[in-house]
Every structure is written in structure tokens, then in C-alpha cells.
Amino acid sequence: MTDSTNDTGLIAAAGQDNSDIADNLREQFGEQIHNAEIEDDTLQVEVAAEIILVVCRHLSTEIERPYPYLSDAFGVDCGDHLQVVYHLIRSETADGAFVRVNLPRNEATLPTLTALYNTANWAEREIAEMFGVTFAGHPDPRHLLLPEGWQGYPLRKDYQRPDHPYLASEPLHEDPSVFLASGPQFETTEE
Amino acid sequence: MSETTQAPLTTEEIVVNLGPQHPSTHGVMHFVVTIDGETIRECVPHIGYLHSSLEKIAETLRYEQFITNTDRFDYLNGLGNELCYVQAVERLLGIEPPPRTVFIRTLMAELKRISSHLVYLGCYGNDIGAMTVFLHAFREREPLMDMFEAVTGGRLLYNYLRIGGLRNDLPTGFTDQLHRFLDYLPRRLEEMNDLLTSNRIFIARTRGIGILTARQALSFGVTGPTLRGCGVPYDLRKLRPYAAYDQVEFDVPSFPEGDCLARHLVRMEEMNQSMRIIRQLMEKMPEGEIQADVPRRIKPEAGEVYERVESPRGELGCYLLSDGGAKPYRMHWRGPSFYNLQALPVMVRGGLLADFIATLGSLDPIAPDIDR
Amino acid sequence: MPDEPIRRLARKHRESPAGQLLIKIVDKVLNTGRACSVWPLGFGLACCAIEMMATAASRYDLDRFGMILRPSPRQADLMIVAGTVTMKMAPVLERLYHQMPEPKYVLAMGSCAVSGGRFYRDAYSVVNGVDRILPVDVYIPGCPPRPEGLIKGLLDIHDIIRRDSIADAPYIEGQRPEYRQYPRLEK
């Protein structure tokens, strides 16, 4: 926060300390909070998969200065386990909190957060198809970005590109190129 | 005719497919719309027709190689995307770019915002049946394209920013070119306001159409002009200033109505604010180096960073996870259009089918920004 | 084919000198008319779509070549594939191509449509060039090509159209005239 000359008064709240939130979380949930700290006024929390719904509800409604909205959610393949990261924000000051959940690779199951945040709907569908995480109770568990019937989870590190004629290096049709218009000037062809 | 014999008129629900190839869908999106007469009962968006696996490609390229690919996310905001990615890498490395570089980056991002809003204006006019505005807006956009070409060498996609610097300094004669443009654009915008914004048909087609309340917008993660059109002055340039935004004065326009007209007015006013920012940047532009000292091989220490900037469409987020190697271990891109489009079913439900395109166009979605 | 009687007549008389002259004159008139009123299906997919729009708009003004971007494939005779074709989009693209009336031409605009471009090697969901799906007449490289590049490609389409003749067999789905079948390069 370098600028505090905003006349709307929104910035004024940003200077407040968030450190009590981390302490409260640790007190309330004990062992199931694996990590809770403040880095550059951003809250970083790592929780067990069983209590993700409770922690998110706590952070977005029950604390004094809550993080009411989910801004973004994404997955990470950490090699031996998967991680799902939720980014919660406050709309007044735009400062955020990261809530992380570690999941085993084989049986990655999480409860859905769609009841809390409308944002979670598409974000969870994307994580589900990209990383193979099952979101229990999701209202619409179809593929989002990939075609129906897609095999494999593309953003996992061990994913192999499918053997598909569309991805082949030769054209399908025996009716090849006729003209190559290459001009007048193409300085943007980096490849 | 006696009233007893006549059966009451019944309507039947019809399913209409819009897209994926449709002239007004702003790229390839597919909407399955259930209508009852002319009223929309339900709308289900199908996306992913432009999912080009850029997040996977990021893991196979070195940090400096991927800069060129960031242009392809939201192609109307190429330099803004590069700014977000480069800032994320710089934060990972702990590099501070020189002040002149920061100013030029901010300047180019604001020029790109004007150009993006001009494309929006042209397409939106086209969407609701005012073809002339399309030709006007693209004519005003061409001098901008000339400027980008003079500075970066590309018309639409650039690869101009470098980690800790820029590819080249501003060329000779750029200042004159820019000032000519800044003198010329306000008059043209006024003309377009006369043509479109104060047009009675335009107002009839946008006022009270596609209403989104501030509460709904926030719960759907909607950001950018769409959220500011709901009366929430949420702008990362103001709330968490990055680059040189803390050294310039500007207002964040917001209108409380939450309809298509409010979103349109926000964008029109944002172009004026961008010009204001550009004038201040040109006045305060410091001299000096444009490249910071950067290690020859870019290998950030293991760690992660989540960088956010304000794109013309909303909050752009870039998550980078480094494992200490020369390539990102994981890159995630928060496309603003992805979350903005999610709110579309709420906005069009209960409205008329003819207003569907007007509502969709007012969100200004970009397909690769949604699908990545 | 409503023009089949004329074509049969032309094929019958193409051996005689007078017939050749007549065919040439008729071809010239017909092909000039066709070349000067190409209606492309604007198949804007990604970044190239913006350059295609810029080409159609004020400064580059495609109307001077008699071109109007059509929204429907049934009214179009040229398909400009402008952008990245993904595996989810490929079936749609193929269906739209078959909805266009013959004779029809395809123009691949931009590196992605030509060969997959920057998505060639690592992407799991991008078709490696639209020629995996459709027969392409003109390729325009560039990422994205400049409007001048697109105009050059469209003028090449005009050249292809000008080489058509009423003495040739009519276009049948999947079969193309001889001059459009070049021998493949030996590997």
C-alpha cells in the first residue's frame, strides 16, 4: 500500500492488522490448520480437506473483517500430492487470503464450495477436469473447457499428449498446399 | 365466438442454440437458451472452444520465453498481460525495474486500454444494430495501431516487455504522434457519444437491460467495468497501485444502475481517464536506463507469487510457482472474462431474446481470456 | 447442377478453335464477376479475428474488392479461418464447411490455422493446422498477419477463381479440378 490519498476512504481500512485472524484460526481449529501466517498483509492458510467448508465459511462470514468473496481457485500438481488453492478477497480493499488444501493423488475429493460462492462453480469444474479432483456435491459436474469424453487430466505432470489424428504432423487430406502468400511484411512471425 | 369454447393460449418452451460460430458472440462461445415465446427462461453457456492449453505450455518454456505467449490470452490487452506476467517474474526474482521502464509500461498499458475499449465500442454498436459506429471506432483505432507499431514492431501482439526492462526505448517522434492522437481522440469520442450514447434507440435498447446487482456481481467474481457499472468502485489501479499508478491522479468512474448503459458509460469515461493518465505520465516521464541488471540465466528461487493487475475487462491474476528451475513449475492465469461470463445466465434470465446479445456484448468477453 | 447443360455444351466444343475462343470469353466474364464478389464467411476464432475485422473496417476497407463478411455459411463461398482451431471446435468447423455451397475456397489465416503455430508441439488441445480437417487453398503466415497480408491472400484467391473454366467438370464434394491438385513433395 503506497497510496493512501484516496478520498473514498476505502484505503484507510487496509492498514489494519490481519495477524489476529491467523491466531484465531489456529485457536479455533487446532491441529487441522496446518499453517496460518501473514505475508505482506496477505493471509496464507493451509487446512485439512475435511474442514475446508467450515474454514471458508468462517473466513467469509464469521470474523470481524471477513473475506466475503472467492476471487479465484486453481490446482497445483506438487508431485506426490495435489493442491487446491482458493483466493478469497475483500471488495473494499482488494486484499486477499489464500486457503490451501493438500490432497492425495489417487483419491482427491473435496466438498464443493458452490453453496458459499457462485464463483466456485466454473472454477471447480475446471480444476476437476484438469487435475482429476472430485468435488462432492457439485451441482453441474460436466466438462467445462475440454470436449465431452476426454481422457486424462492435462495439467497433471505425468500427462501424456493423446495420440490423435488432429495432433498429427501430416495433413489428413491428400490435397495439399497450393499457394503460400508470404508478404508483404511479417515481422511478428516469431517462429 | 363464445369464450367457453376457446382454449387458453399455451406456449411451449423452445431451445435455441447460439454459437459456437455466431457473428455476435465475440469469439467462439456456445449458449443453449431456453425461451418461452420471447422470454428467456434459462441460459447455459458452453465454453472451451478456444482452450489452447497455454497453462501447460508455460511449464515447457523458460520464464523469458513465455512473455510472447501472454499476449495470446486476452489479445486486446497484449501489453497489459505482459505487464502482469513480467511483474510476477520480477517479484519472484526480487528485481526492481528502472523508473523510466515503469512509466513506459504504464503508458503502453493505458494506450492498450483505450484501444480495447474502442474495439468494444465498435463491436457493441454492431451488436445492437448501429453498424456505423464499428467503422468509426476502427478508424480511431488505426492511429493507435501505428503508435504500437512504431514502439514495439507489432500491430496486435507485441512481445515488448522484458524481465526487468523493455525491448527498446520510445522511438523518436513518438511524443508528437501521441500528442496529436490525444488532441484528436476527445473530439472523436464526443462525436461518437453524439452518435451512439445519446441516441434514443441505443438508450431504449440498453437502459434497464441485463441488470446485475452489486451483490450478485461480487458473488460471481465479476470485476472491471462490469462491476463498476454496478456501483462498486473496485479498481486495482487505485486499491493496490502497481507500476506507476501511484504517481498519477485519476478517477474511477462507477455508475450504480448495473444495466448495459451503465457499463457502456463506465467504458466511455475510462477512455477519458486513460488519456488523463497518459498526459500526466508524459509530463513526468523520467530519463535514464530502461533495463535493470538481470542475471544472465533467469532462475528464481523456489517460491510462489500471485500478481494482480487491472485489465480492460477486470482483475487479471497471474500465479507463478517456481521450483528453482529455469521454467515455471506451474502458471495459472485468472482471466477476468472467465468469471464475468459466469454471471451471464443471471443477467439474461427473464429478459427478451433480443436483449441477449446486447447483454453479452456489454460484458465485452474475449474467448481466449475465458478458455485460456 | 443448374449449369450442367452449359458445361456439357462447353466440353463438347472445347476442341474446336471457335469453341475455345467462346469458352475463353465466357470464362473471362463469369470469373471476373465471381472474383469481384467473393463473400467470405468470417470465421473469427482468436487474435486473427481482430485483424480480419480491422481489414474489413475503415482503413483497409475490404468492400473495395466486393467483399462483405457474411455471418452464415450458406451465403458464403470463401471461408477465412482466422485463429486457433481446437479439438473441441474442429467438428463444428467441418460441419460449417460442408454447409457452404460449391465452389468454395478456404483461406488459413495466421500461424495457428496454418500449422498450429506456437501450439504445435506442446499443446494437447490444438489442431495442428486447419489442413488436418479441410482442404486449404491459401495459407497466410504471421501471428497475426497484417491486414496487407490478408489482402494479398484474398487476391491470390481471386487468381484461383480466375483459372476456373466452364469446360471443367463441376465441383463435386471432395473432388477438385486438376490444377488445384499439386504433386506432393517427395520426402
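We name chains A, B, ... by the order of the sequence lines, and we start the count at 1 in each one. None of the values given here were measured: they were computed from a predicted structure.
Both the backbone and the side chain of A:Asn121 have a heavy atom closer than 4.5 Å to some heavy atom of chain B. Of the two parts of B:Tyr319, only the side chain, counted from C-beta on, holds a non-hydrogen atom closer than 4.5 Å to a non-hydrogen atom of chain A. Only the side chain of A:Leu146 comes within contact range of chain B, with at least one heavy atom under 4.5 Å from a heavy atom of that chain. Contacts between A:Leu116 and chain B at a heavy-atom distance below 4.5 Å are absent for every atom of the residue. Heavy atoms of A:Arg125 lying under 4.5 Å from chain B are absent altogether. In this structure, chain A has no heavy atom under 4.5 Å from any part of B:Leu50. With a threshold of 4.5 angstrom between heavy atoms, A:His143 does not approach chain B through any atom at all.
Across all their heavy atoms, B:Leu239 and A:Ser91 have their closest contact at CD1-O, 4.2 Å. Nearest heavy atoms, B:Gln342 versus A:Asn118: OE1-O, 2.9 Å. Taking every heavy atom of both residues into account, B:Tyr339 and A:Ala73 meet most closely at OH-N, 3.6 Å.
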Could you please spell out the steps behind the side-chain contact (heavy atoms from CB on, under 4.5 Å) verdict for B:Ile47 and A:Glu126? CA-CA 11 Å; B:Ile47 59 171; A:Glu126 192 192 339; over 6 Å; no
Determine, step by step, whether B:Tyr234 and A:Ile89 satisfy the side-chain contact (heavy atoms from CB on, under 4.5 Å) criterion, reporting the C-alpha distance in whole Å, the side-chain angles of both residues, the deciding distance to 0.1 Å, and the verdict. CA-CA 12 Å; B:Tyr234 181 90; A:Ile89 56 158; 3.6 Å; yes
Applying side-chain contact (heavy atoms from CB on, under 4.5 Å), run through A:Leu145 and B:Tyr49 and close with a yes or a no. CA-CA 7 Å; A:Leu145 298 177; B:Tyr49 288 97; over 6 Å; no
Which atom pairs, donor and acceptor, lie under 3.5 Å between side-chain atoms of residues 43-53 of chain A and protein residues at least two apart or in another chain?
from    : atom 1 : to       : atom 2 : distance (Å)
A:Gln44 : OE1    : A:Arg100 : NE     : 3.4
A:Gln44 : OE1    : A:Arg100 : NH2    : 3.2
A:Glu46 : OE2    : A:Asn102 : ND2    : 2.9

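Chain A is approached within less than 4.5 Å, heavy atom to heavy atom, by B:Tyr329, B:Arg330, B:His332, B:Arg334 from residues 327-336 of chain B, ordered by number. Contacts with chain A (heavy atom to heavy atom, under 4.5 Å) involve these residues of residues 54-66 of chain B, listed by number: B:Glu55, B:Lys56, B:Glu59. Identified by a heavy-atom distance below 4.5 Å to chain A, the contributing residues of residues 216-226 of chain B are B:Leu218, B:Ser219, B:Phe220, B:Gly221, in residue-number order.
The shortest side-chain heavy-atom distance between A:Gln83 and B:Leu321 does not fall under the 4.5 Å cut-off.
For A:Asp72 and B:Tyr306, the side-chain atoms include at least one donor-acceptor pair closer than 3.5 Å.
The candidate with the highest count of non-hydrogen atom pairs below 4.5 Å against chain A, out of B:Arg372, B:Arg308, B:His46, is B:Arg308.
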